[in-house]
Structures are given as C-alpha cells and as structure tokens.
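Residue numbers start from 1 in every chain, and the chains themselves are labelled A, B, ... in the order their sequence lines are given, proteins ahead of strands.
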Amino acid sequence: MNLFADIRTAVISALETMQAAGTLPNDLDFANVAVEPPRDAAHGDMATNAAMVLAKPTKMKPRDIADALVLQLTANPRIESADVAGPGFLNMRLSSALWQDVVGAALEQGEAFGRSDMGQGKKVNVEYVSANPTGPLHVGHTRGAVFGDALASLLDYAGYNVTREYYINDGGAQVDVLARSVYLRYLEAHGQEVAFEDGTYPGDYLVPVGVELKEKVGDAYVGKPESDWLLDVREFSTEKMMDLVRADLASLGIKMDVFYSEKSLYGTGRIEAAINALKDKGLIYEGVLEPPKGKKPEDWEPREQTLFKSTEHGDDVDRPVMKSDGAWTYFAPDIAYHYDKVMRGFDELIDVFGADHGGYVKRMKAAVSALSDGKVPLDIKLTQLVKLYKNGEPFKMSKRAGTFVTLRDVVDQVGPGATRFHMLTRKNDASLDFDFDKVLEQSKDNPVFYVQYANARVNSVLRKAKAAGIDLSATPDLTQISHAAEITLAKKIAEWPRLVSIAARTNEPHRIAFYLYDLASEFHALWNRGNDLPELRFIQDGEDATSVSKIALARATQVVICAGLGILGVEPVEEMR
RNA sequence: GCACCCAUAGCUCAGCUGGAUAGAGCGCUGCCCUCCGAAGGCAGAGGUCGAUGGUUCGAAUCCAUCUGGGUGCACCA
C-alpha cells in the first residue's frame with residue numbers, strides 16, 4: 001500500500017476528467033506529475049507539482065490549472081482540502097482516516113507492507129564481492145559485500161527476481177602466485193625452511209592450507225618441478241580459499257546464489273563465442289593503440305593486438321581483448337562472463353566494484369551494451385574506501401606486512417548487524433569512516449543503536465501490556481490514533497513504501513538506513529511526549545481498548561523497522577542490555 | 001594529459017527522475033524523569049550548498065568552464 005502512489009493516481013484521474021471536460025488538451029504526458037511529501041509539514045500532507053509541469057505544454061498559467069484541479073480534487077472524499085500556494089503548488093490535506101488506515105495496513109500486511117511489484121518480476125543479476133580467491137576478505141571487500149547484499153534484498157523487496165552472484169577470478173596469474181605460496185607452506189609443513197619472496201603471499205592464513213595439502217598428497221610434490229604440481233595445487237588452493245571466502249560471507253549472513261568460475265570460460269569456447277558475437281557486429285579489429293598520455297613514453301612500444309571497438313558504445317579508447325602473443329587479456333573473460341549473464345536472460349545487470357575499478361566501468365558497459373544490442377542495462381556501483389579508526393585514531397593496514405584488517409576482524413569485534421548497518425550509513429560513492437568504538441557506542445550518535453532502541457522500546461511496551469493483562473489480539477480501533485503527534489508518526493510510516501521505490505529505482509540501499517533513523521526519531525519523539533501528555537502514552541491504565549489502539553501504532557512502527565532492518569540484513573534486537 | 005567520484009553548518013553527513021523559508025547527528029546554550037527504559041526528548045544559535053556563467057516559472061540538484069581533494073589509466077588480474 002503506497003498512499004503517495006494512490007493519491008497520485010487520484011490526481012492523474014482528476015486531470016483526465018479535466019481533459020474530458022475540455023479544460024485541458026488531450027495529448028498530455030503526465031509522467032512528470034509527482035505527488036510528494038512537502039518539505040514543510042505546515043504546507044499540508046502531500047503536494048503536487050501538476051499545475052507547474054503542465055503549464056508549458058498546455059500554454060496555460062499554472063495557477064489557472066491549479067485552481068481547476070482544486071475543484072476536482074476536493075470532490076474526492078479522501079482529500080480534505082486542497083489549495084494553491086506559491087507559483088502553483090497544490091497542497092493537499094488528507095483525512096486522518098487515511099493515515100489510520102496506513103497503520104492498519106502495516107499491521108495487516110506485516111513485512112509485506114512496503115513490498116511492491118515495481119520490479120515486475122524482472123530478472124536482475126547483482127554481482128558483488130568477486131574478490132580474488134587468494135585470501136580472506138578484508139574491510140574493503142566488506143563494504144562491497146554489505147552493499148551488494150542489501151541492494152539485492154532491496155530489489156527483491158521491490159518486486160525483482162534477484163540473483164546474487166560472485167565471480168571467481170580463478171583464471172589468471174594471481175592463482176599461480178597463490179599456488180606457489182601454498183607450495184611453500186607445504187614444504188614448511190614438511191619441516192623445510194622457506195623464504196617468501198616478492199610475488200608470493202606471505203600471510204599466515206595459508207599455513208593450514210599447506211598442512212592440508214601435505215595430508216592430501218604426502219610428500220609426492222616435495223622436490224618436484226613446478227610443472228608437476230602447479231595445476232593440482234592451484235585447484236586445491238583455490239577451493240580452500242573459496243571455502244574461506246564463503247565462511248567470511250556467512251559470518252555477515254551473506255549467501256550467494258551463484259559462484260561463477262572464470263576458469264570455466266577457458267578452453268570451453270565461451271570466450272571465443274563472446275568475441276565472435278562482437279566480431280559479427282563489426283566491433284573487433286586488429287590495430288595499434290595510441291600511447292597513453294602522461295605515462296613514461298620510453299616504456300611504450302606500439303604493438304598490434306586484437307581490439308574491441310568500445311568507443312562505439314561510449315568508451316574513451318578501444319580496449320585490447322587479446323595480447324600480441326595471442327593470449328586473452330583479462331578483459332576477454334570478463335566480456336564472456338557478461339555475455340553469459342545476458343544469455344541467461346537477465347533483464348538488468350548490476351556490478352558492484354571497489355572504487356579502484358572505476359576505470360573499468362566504461363568498457364564493461366560498452367561490452368554489455370554491444371552484446372545485448374543496448375537491451376540489457378548494466379549499472380555499475382562503485383563502493384569507495386573504508387577508513388578505519390580506533391579510539392578516534394586512524395589505523396593503517398599494510399598488505400605487504402600481511403597486517404591487513406580482515407572482514408572477520410571487523411565482524412568478530414562489532415558483530416554482523418552493526419557492521420552491516422554502519423557500512424550502509426553512507427552512500428556508496430562517498431568514502432566511509434568506520435570507527436570501532438563509535439559503532440558499538442550506545443547513544444543516538446550511533447544510528448544502529450538508535451534504531452534498535454526504538455524497536456526495543458516497542459517490545460518493552462508489549463511486555464508491559466502483556467503483564468497488565470491487555471489482550472493484544474483484540475482488534476484496535478484505529479480512530480483513536482488521532483492526536484497530531486500520533487498522526488505525524490503514522491505519516492512517516494506511510495512514507496515507507498514510497499521510500500522503498502525510490503531506493504530501488506536508484507539502487508541506493510543507504511536510503512533505507514537513513515529512513516529508519518528518521519522513523520526511529522519520530523518514534524522516540526512521540527514516546528517522550530508521553531512524559532508531558534499522559535494521553536499520548538501507549539499504555540492507558542484501565543482502558544484496555546484504548547491501549548490496544550495506541551499500541552497498534554507502536555507495532556506498526558516496529559513492522560516497518562523490522563522490514564527495513566531485514567533489507568539491510570540486520571537482526572533486530574529484542575531488548576537493549 | 002585523460003576518465004570517473006567527491007565538495008552542503010565549526011565537525012561527520014542526508015537532501016527523493018529540478019520545487020516552497022536547504023535538513024539531521026556531534027559540539028555549543030538553555031530546559032524536561034513522583035510518568036510505558038532520560039541508553040531518550042524539547043528549544044536556541046550556527047549556511048554566499050567550492051567558484052563563475054548558462055538552461056527555466058523555479059537549480060544544492062541539469063549543462064559548460066574553473067578551483068581543490070580522492071581513485072584509476074598500455075600485451076596486471
């Protein structure tokens with residue numbers, strides 16, 4: 001139930017009535033007509049810009065349209081009053097029964113209140129994390145993981161058919177490095193002294209993998225040339241690393257639907273098929289790229305390679321898909337992978353990358369645009385850096401020394417819920433400060449706490465009510481939710497379905513987090529007004545029927561908080577401790 | 001050199017396909033517990049929305065140029 005959408009429909013039908021009456025011309029596009037909450041509540045409950053956006057195409061004065069529209073709208077019983085303000089704004093006041101109905105709808109529909117069919121069941125693929133399978137996930141991955149997962153949930157809630165996917169980069173040179181590193185740990189497990197040179201991964205997390213390899217193959221690979229063991233060790237190590245990654249993701253409550261292996265693209269003709277698809281469109285050619293400007297020219301040698309004419313689809317330069325020695329570049333399997341997504345019939349694709357992959361966006365979009373003939377949109381969301389703080393002091397991580405902060409470090413210290421919520425309190429394209437102390441702080445400075453606290457207060461009310469012998473299964477009389485302070489909260493609840501649509505349309509789950517904070521704020525405000533005005537308390541001593549009605553508002557708030565937290569992947573807490 | 005992202009209150013940040021007097025938290029000032037959890041709430045002070053042009057009924061939002069910060073840029077994945 002989206003009250004804003006309902007009223008918009010009413011406005012549109014009023015406009016159509018005006019067309020039928022000849023007040024307005026017939027060929028009008030109402031797409032830009034919006035119904036939204038006014039910035040200032042004093043202006044009313046909802047405002048529409050209809051008169052202003054239609055002024056130009058009709059060559060009429062906005063006020064004239066507005067005046068005529070007012071007549072139509074006031075005929076609608078749900079609209080208590082409508083008046084024109086400013087340049088042609090139309091402010092509407094809705095009967096309080098509508099807001100009471102919202103509370104009823106939230107209670108009745110529960111988690112589904114706010115769900116919509118906006119996605120129309122369209123198949124959307126959200127690819128996120130996709131970290132190289134060479135070690136545990138670190139903080140940077142954590143943000144991408146949380147963001148991608150919340151976005152996937154959000155789209156699901158908005159009526160899309162969502163697939164969560166992880167692309168395993170197990171086809172490139174970095175997995176050879178992994179294999180060699182594991183081999184060293186394997187030798188170590190056999191009691192040998194080993195040295196980790198540049199170009200190997202020195203992290204401790206490979207020690208158990210070396211031991212496991214020893215358990216599996218004994219001393220079969222000791223003293224053997226690389227050609228004897230590389231393939232096998234690579235396979236073995238990648239699997240172990242993916243076990244690690246899966247466990248890391250699970251600690252945040254993330255479960256992928258599909259793990260897609262880059263390796264599976266090689267030697268199966270899939271890369272060739274994708275490149276051929278581009279070739280058929282005349283987008284593949286042999287050529288030599290210009291030297292990149294601003295780089296040392298002495299390092300540059302012109303070479304002829306196989307290029308993808310990505311400039312035809314919005315890129316700045318054409319991109320190589322095959323090296324001069326005939327091997328594929330990394331871009332080639334990525335093209336094939338996205339081709340596969342298109343072939344699997346997804347209507348929309350979303351990739352979540354770290355900000356360091358920003359230079360990759362245009363070519364990937366170009367590839368998808370070319371492969372799908374522009375039919376499948378690809379949205380690429382970049383998550384910016386996470387800066388870590390402890391006691392207000394930034395601390396650095398050094399990959400070289402192997403002292404990077406892992407996803408596990410974060411989750412173990414602050415828990416999955418706080419980690420997830422906090423990572424979503426910033427829009428994805430702004431960098432994020434993550435302060436271990438602040439995230440755990442129990443004050444309104446900490447949005448996670450503040451929202452959870454509101455939920456806990458609702459539970460507290462429910463407990464008290466139960467203790468007082470109030471039968472909460474009784475049908476609430478919603479007309480008792482009538483005080484202005486109560487209606488204010490109900491209005492906030494009414495915004496939820498609309499907020500979901502906006503967040504889903506823009507692929508911005510952080511809006512959910514900010515909304516929840518606002519909602520909690522309204523709830524806390526009402527709660528405290530009960531200090532001065534006893535009639536605003538949820539529990540009215542000796543008047544069970546009234547209590548049931550007031551508590552309905554608290555429960556509706558809780559329904560929305562829990563639905564929102566559900567999208568963010570945060571477990572609501574029953575009680576603060 | 002080029003591309004992308006960012007710039008809003010002293011600080012950290014929201015701002016809904018362009019809308020009315022630009023919002024919140026922290027910090028600062030002052031208030032509110034015989035009362036469902038004060039881990040809260042209320043009120044006040046605080047802004048040339050980086051700059052300059054443009055588009056229009058209307059711009060923090062769109063376009064152009066510029067300034068400052070971040071990221072990335074050739075057979076590395």
Side-chain angles (χ1 to χ4, degrees), chain A residues 31-32 34 36-40 43 47 49 52-53 55-56 61-62 85-89 91 132 169 171-175 177 262 289-295 299-306 315-317 320 322-331 333-334 354-362 382 384-385 425-427 429-431 433 438 441-447 449-450 453-454 456-457 460-465 468 495 498-499 501-503 505-506 508 510-511 514-515 517-518 521 524-532 534 537-541 547 550-551 554 575-576:
Chain A
N32 286 326
E36 46 193 15
R39 198 177 288 259
D40 187 343
H43 290 133
N49 59 357
M52 285 180 287
V53 298
K56 198 170 206 179
K61 287 182 189 159
F89 259 100
N91 294 321
N132 286 344
N169 287 105
Q174 79 279 7
V175 282
V177 174
E262 175 192 359
L289 287 175
E290 293 290 308
K293 298 191 171 88
K295 282 275 177 181
D299 293 346
W300 172 259
E301 287 176 40
R303 287 191 191 83
E304 185 171 280
Q305 13 183 337
T306 307
D315 204 354
D316 304 311
V317 290
M322 191 182 269
K323 306 174 195 173
S324 52
D325 65 3
W328 297 114
T329 63
Y330 59 90
F331 187 36
D334 282 349
D356 52 344
H357 286 65
Y360 209 55
V361 170
K362 282 190 179 178
L382 300 177
Q384 290 291 333
L385 235 57
T425 52
R426 201 105 312 169
K427 51 186 172 200
D429 45 16
S431 66
D433 292 345
K438 253 200 173 130
E441 195 177 285
Q442 305 220 328
S443 76
K444 66 173 171 176
D445 192 19
N446 180 0
F449 166 78
Y450 192 70
Y453 185 32
R457 275 180 155 173
S460 173
V461 169
L462 297 178
R463 275 195 306 273
K464 295 269 180 188
E495 281 180 37
R498 178 170 182 272
L499 189 277
S501 309
I502 293 168
R505 188 184 64 225
T506 52
E508 294 181 336
H510 75 274
R511 291 176 189 274
F514 281 96
Y515 168 82
Y517 187 88
D518 285 347
S521 177
H524 288 307
L526 177 61
W527 178 286
N528 270 74
R529 288 203 65 183
N531 289 339
D532 298 328
R537 293 176 197 164
F538 294 108
I539 296 175
Q540 301 287 318
D541 287 337
S547 296
K550 304 264 184 203
I551 290 171
E575 196 178 354
M576 309 306 298

Could you check whether A:Glu575 gets within reach of a base, just the sugar-phosphate, or nothing at all, counting any heavy atom under 4.0 Å? base
Could you check whether A:Ser443 gets within reach of a base, just the sugar-phosphate, or nothing at all, counting any heavy atom under 4.0 Å? sugar-phosphate
Which word best sums up how the rings of A:Phe331 and A:Tyr360 line up, parallel for under 30°, tilted for 30 to 60°, or perpendicular for over 60°? perpendicular
When only distance counts, do a donor and an acceptor, one from the side chain of A:Arg498 and one from the base of B:C16, lie under 3.5 Å apart? yes
A:Glu36 near the nucleic acid: base, sugar-phosphate alone, or nothing, with a heavy-atom cut-off under 4.0 Å? nothing
Any base atoms under 4.0 Å from A:Asn32, or only sugar-phosphate, or nothing? Heavy atoms, all strands. nothing
For a quick check, tell me whether the side chain of A:Asn91 and the base of B:A20 share a donor-acceptor pair closer than 3.5 Å. yes
Please classify the nucleic acid contact of A:Arg457 as base, sugar-phosphate, or nothing, using heavy-atom distances under 4.0 Å. sugar-phosphate
So, is A:Lys323 close to the B:A77 phosphate, meaning a side-chain N or O under 4.0 Å from OP1 or OP2? yes
Assign a letter to each nucleotide of nucleotides 55-72 of chain B from its 5' end: B, base within under 4.0 Å of a protein heavy atom; S, sugar-phosphate only; -, no contact. --B--B----------SS
Answer with yes or no whether A:Asn531 presents, from its side chain, a donor or acceptor under 3.5 Å of a partner atom in the base of B:G41. no
With a 4.0 Å cutoff (strictly under), does any side-chain N or O of A:Trp328 reach OP1 or OP2 of B:A77? no
Mind telling me whether B:C28 is syn or anti, cutoff 90° either side of 0? anti
Sequence-distant partners of A:Ala456, side-chain contact (heavy atoms from CB on, under 4.5 Å), two or more places apart: A:Met576
RNA chain B stem ranges, 3 or more consecutive Watson-Crick or G-U pairs under 3.5 angstrom: B:1-7 with B:67-73, B:10-13 with B:23-26, B:28-32 with B:40-44, B:50-54 with B:62-66
